[in-house]
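Below is one structure, written out as structure tokens; comments come after it.
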2 protein chains.
Amino acid sequence: MTKHVRKGRERDERHALIIQSARELAEAEGWDAVTTRRLSQRIEYSQPVLYTHFRGKDEIVAAVALVGFGELVDRMKATITPKGATRKSLAALVATYVEYAEANPAVYDAMFALSTGLPFAQDETPKPMRTAFAVLREAVMPQNGEGDPDVYAEICWASLHGLVSLERSGRLPEHTHRQRMAALVDQFLAASAPTRPK
Amino acid sequence: MTKHVRKGRERDERHALIIQSARELAEAEGWDAVTTRRLSQRIEYSQPVLYTHFRGKDEIVAAVALVGFGELVDRMKATITPKGATRKSLAALVATYVEYAEANPAVYDAMFALSTGLPFAQDETPKPMRTAFAVLREAVMPQNGEGDPDVYAEICWASLHGLVSLERSGRLPEHTHRQRMAALVDQFLAASAPTRPK
DNA sequence: TAGAAAATCTAGCAGTGCTAGGAATTGGAG
DNA sequence: CTCCAATTCCTAGCACTGCTAGATTTTCTA
């Protein structure tokens with residue numbers, strides 16, 4: 001009877017192996033190189049085995065994306081300060097986010113550019129994605145800010161993602177990278193502070 | 001001898017027809033539907049004709065992207081105020097940008113998601129893209145802002161693109177769309193205003 | 001009008017994601 | 001230990017992709 005559980009565990013291990021292999025291959029040679037043939041060869045099984053674990057290639061990409069959201073959550077959590085965001089903590093968050101994207105470009109692509117079938121602000125949103133947004137909101141919230149915290153977190157996230165996205169496609173000059181990150185922190189701070197009457 | 005010029009003009013027309021057809025097909029059914037076969041069928045020529053105009057499919061996508069940059073430039077120009085950006089002009093810019101992306105999703109994808117071979121802040125950057133950045137910088141520059149205008153324009157652009165990108169992939173709730181745009185304007189204003197000593 | 005030059009098409013290659021059907025391995029009953 | 005069912009797995013193939021070599025048609029020139 002314990003055979004069943006062993007079988008199940010082996011299946012789970014293979015499941016994880018597929019995700020891990022896809023990730024490694026994508027980071028090494030780009031997602032174009034992640035074909036079902038090469039992937040199956042890498043896990044030392046034939047193609048159809050992949051389809052007993054995932055409905056299709058898109059689902060494998062989505063699985064890699066979810067792993068990425070989990071990792072990003074862990075890193076962002078470390079930048080949260082109990083009494084609300086400070087300049088220092090915001091700088092840490094921005095640096096953390098950008099560094100994760102730079103260090104894992106293929107995973108980041110899976111998370112944002114290739115995951116067509118991963119809706120977010122909806123009922124069917126996977127948990128790691130919900131958590132990611134919640135943690136980000138926690139990390140950017142100032143002590144006594146005005147306005148909707150959700151909306152504020154959303155535009156912070158958009159700014160971060162836009163920065164990463166444009167930099168990754170080589171559309172922003174590299175030599176001003178640090179200045180941009182600093183300016184973004186300033187922007188967050190300025191926007192989160194109570195607006196004074198003009 | 002005038003035959004040559006007529007020939008040349010006909011070729012130019014076909015060149016434009018290919019770009020236009022690719023764009024229409026992409027907007028109608030998505031870029032996945034834009035195969036060389038379907039495209040050639042649509043222009044009523046065989047596949048190899050496409051390759052006498054473009055080096056490959058990527059170059060066709062890039063051509064559509066450049067058209068998009070040109071259109072976006074025209075629209076953004078209309079939001080520039082001679083004496084520096086105001087809240088009103090910034091709101092117009094944000095609305096213009098977002099609306100263009102929403103109205104032409106496939107073109108926007110060609111501009112930012114699919115154009116792997118279109119470097120930007122570099123020597124070989126095509127003119128429409130340079131112009132687009134210059135116009136955006138003009139549109140967001142306040143009367144007497146501090147800091148590097150390039151850096152400021154870069155993070156504005158990043159924020160705009162990030163917003164569009166996340167909204168397009170269904171990762172931000174729709175019902176707060178307007179609030180986000182307003183918050184973004186506030187953020188731009190706050191960041192561009194002279195920083196007062198804390 | 002004959003022949004060279006240019007334009008265009010047919011047919012095919014190597015690769016993709018995905019799957020039906022048969023082969024091999026495994027598990028439990030006698 | 002043996003047999004047979006159930007599960008697991010692989011081979012082979014489909015329809016499609018971007019792209020191209022070589023034959024064919026059309027156009028222009030002498």
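Throughout, a chain's letter reflects where its sequence line sits, starting with A, and its residues are numbered from 1.
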Study note, to complete from the structure: Contacts satisfying salt bridge (charged side-chain N to carboxylate O under 4.0 Å, His left out) that involve residues 80-93 of chain A (not counting sequence neighbours) are A:Arg87-A:Asp186
Review point. Tell me the salt bridge (charged side-chain N to carboxylate O under 4.0 Å, His left out) pairs involving residues 44-57 of chain A, sequence neighbours left out?
Key: A:Arg55-A:Glu59
Point to revise | Those residues that, when tested against A:Glu102, pass side-chain hydrogen bond (donor to acceptor under 3.5 Å, both in side chains) (two or more places apart) | key: none
Point to revise | Partner set under side-chain hydrogen bond (donor to acceptor under 3.5 Å, both in side chains) for B:Tyr152, not counting sequence neighbours | key: none
Interatomic distance where [atom1] belongs to [X] and [atom2] belongs to [N] [whole Å]:
X	N	atom1	atom2	result
B:Tyr45	D:dT26	OH	C1'	12 Å
A:Glu44	D:dC10	CD	C1'	15 Å
A:Leu39	C:dG15	CG	P	18 Å
A:Ile60	C:dG17	CD1	P	9 Å

Table please: side-chain donor-acceptor pairs of residues 60-72 of chain A below 3.5 Å, with sequence neighbours left out.
from    : atom 1 : to       : atom 2 : distance (Å)
A:Glu71 : OE1    : A:Arg23  : NH2    : 2.9
A:Glu71 : OE1    : A:Tyr100 : OH     : 2.6
A:Glu71 : OE2    : A:Arg23  : NH1    : 2.7
A:Glu71 : OE2    : A:Arg23  : NH2    : 3.4

Study note, to complete from the structure: For B:Asp150, the salt bridge (Lys or Arg N to Asp or Glu O under 4.0 Å) test, sequence neighbours excluded, returns B:Arg137
Practice item. Specify the residues of residues 15-31 of chain B, ordered by number, for which at least one heavy atom lies under 4.0 angstrom from an atom of DNA chain D. Key: none
Practice item. Establish whether A:Leu160 and B:Val151 are linked, either directly or via other cluster members, by ILVMFWY side-chain heavy-atom contacts under 4.5 Å. Key: no
Point to revise | Nucleotide-resolved protein contact map, nucleotides 16-25 of chain D, B/S/- at heavy-atom distance under 4.0 Å | key: -BBBBB----
Check your understanding: Is the shortest side-chain N/O distance from B:Arg11 to OP1 or OP2 of C:dT8 below 4.0 Å?
Key -> no
**Study point:** Residue pairs, two or more places apart or on separate chains, that pass ring-ring contact (aromatic ring centres under 6.0 Å, His included) and touch residues 12-47 of chain B
**Key:** B:His15-B:His53, B:His15-B:Phe54
